[in-house]
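Chain naming here is simple, since letters A, B, ... match the order of the sequence lines and numbering starts at 1 in each. Here the structure is a predicted model, which means the values were calculated and not measured.
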There are 2 protein chains.
Amino acid sequence: MPVSVYTPAEVVEETGFTLDTLRYYEKIGLLERVERNAAGQRRFSEQDVGWLGMLRCLRDTGMPIAQMLRFAELTRAGDHTIPDRIKLLEEHDRLVEGQIENLMERRRYIRNKISYYRSVL
Amino acid sequence: MPVSVYTPAEVVEETGFTLDTLRYYEKIGLLERVERNAAGQRRFSEQDVGWLGMLRCLRDTGMPIAQMLRFAELTRAGDHTIPDRIKLLEEHDRLVEGQIENLMERRRYIRNKISYYRSVL
DNA sequence: ATCTCACCTGGAGCGGACTCCAGGTCAAGC
DNA sequence: GCTTGACCTGGAGTCCGCTCCAGGTGAGAT
């Protein structure tokens with residue numbers, strides 16, 4: 001099978017990022033310089049798309065761009081940074097765990113409030 | 001016991017909002033005009049503090065200010081808006097539920113990635 | 001050959017939610 | 001009675017993460 005490449009539109013479809021966001025991520029270095037075809041249009045590789053999946057995950061769990069950048073740099077720097085990457089992800093995982101707990105607690109509050117409102121109707 | 005009032009500093013301590021945020025919330029109408037002492041300094045009531053607890057909960061679960069404002073207006077409008085408030089909170093509760101599920105799924109992804117990194121060390 | 005439409009670039013603009021500042025007024029502990 | 005520090009107001013500024021725009025080029029279906 002041929003090496004698959006994706007047009008911008010396909011990547012938008014796959015990753016849920018807007019085209020502008022993809023360009024922005026490339027501009028700030030969150031995404032390594034994407035290949036171009038003869039006309040200068042982006043042709044994303046399978047790897048690019050995979051990496052974007054990781055970014056989506058980090059973004060959706062609230063990681064700030066500055067830290068995603070740090071992770072991107074570690075990733076680019078080679079395998080010797082894997083322990084650092086583990087550390088970074090573990091720290092982030094703990095934050096996410098906290099977020100979940102926090103949300104569950106807040107949710108109890110909301111549901112209580114709803115019950116209270118029901119009780120006074 | 002006397003009706004308790006809180007100084008700005010006490011409210012900051014209790015609610016975790018900054019003083020600037022409290023003023024901002026009052027300015028935009030999220031918080032009803034707070035009482036002042038003779039010198040014009042804010043003296044928050046027990047009710048104010050309770051309401052701020054609700055706001056904190058909504059804010060921390062990602063409700064945008066515009067919607068908090070709507071909730072505030074309903075609350076001010078009287079008891080006949082209780083069904084609307086229930087509706088609003090229920091909708092929000094569903095969003096929060098979704099957030100939690102989403103985070104749990106993303107978290108699995110992160111943990112997988114960590115495992116993968118561990119496996120290649 | 002033409003036309004439409006996806007893309008391109010660099011740079012300006014935006015929306016949300018605060019946060020900070022200048023310049024001034026009281027409060028209250030020593 | 002002084003000083004320090006908590007507060008006040010109105011308004012400007014900041015930060016983040018995009019999002020939009022103008023002006024242009026190439027692709028690819030008809």
## Note on the structure
Smallest heavy-atom separation, B:L19 atom then B:V12 atom, equals N-CG2, 3.7 Å
### Query
Does B:K113 count as lying over the ring of B:Y117, i.e. NZ or CZ under 6.0 Å from the six-ring centre, within 45 degrees of the axis?
yes
### Task
Rounded off to whole Å, could you give me the CG-to-C1' distance for the A:L55 and D:dC18 pair?
15 Å
### Query
Closest approach of A:T15 and A:R56, non-hydrogen atoms and distance?
O-NE, 2.7 Å
### Summary
Ranking C:dT19, D:dC18, D:dC8 by distance to the side chain of A:T21, first place goes to D:dC18
### Query
So what does B:R23 touch, heavy atoms closer than 4.0 Å: a base, only the sugar-phosphate, or nothing?
base
### Query
Is A:E97 salt-bridged to B:R106, cutoff N-O under 4.0 Å?
no
### Task
Search all heavy atoms of B:M63 against all heavy atoms of B:L88 and return the closest pair with its distance.
CE-CD2, 3.7 Å
#### Entry: Closest non-hydrogen atom pair between A:G62 and A:H92, with its separation
C-CE1, 4.5 Å
### Task
Using atom CD of B:E10 as one end and atom P of D:dA6 as the other, report the distance to the nearest whole Å.
13 Å
### Task
Answer yes if the side chains of B:T81 and B:D84 hold a donor-acceptor pair under 3.5 Å, and no otherwise.
no
### Task
Would you jot down, in residue-number order, the residues of residues 57-69 of chain B having a non-hydrogen atom under 4.0 Å from DNA chain C?
B:R59, B:P64, B:I65
### Query
Which comes earlier along DNA chain D counting from the 5' end, the contact point of B:P8 or that of B:D20, where each point is its nearest nucleotide?
B:P8
### Task
Determine whether the side chains of B:Y6 and B:E13 contain a donor N or O and an acceptor N or O closer than 3.5 Å.
no
### Query
Thinking salt bridges, do B:R42 and B:E35 make one under a 4.0 Å N-O criterion?
no
### Message
Looking at D:dC7, I'd like to know if its phosphate oxygens (OP1 or OP2) sit under 4.0 Å from a side-chain N or O belonging to B:R42.
### Response
no
### Query
Near DNA chain D, which residues from residues 24-32 of chain A have a heavy atom under 4.0 Å away?
A:Y24, A:Y25
### Task
Round to a whole Å and report the spacing from CG of B:L19 to P of C:dC18.
14 Å
### Query
Are a donor atom and an acceptor atom from the side chains of B:R108 and B:N112 found within less than 3.5 Å of each other?
no
### Task
Look at the aromatic rings of B:Y25 and B:F17 and report parallel, tilted or perpendicular, splitting at 30° and 60°.
perpendicular
### Query
Between atom CG in A:L22 and atom P in C:dT9, what is the gap in whole Å?
12 Å
### Query
Where along nucleotides 22-30 of chain D does protein come under 4.0 Å, by heavy atom, of base (B) or sugar-phosphate alone (S), with - for untouched nucleotides?
----SS---
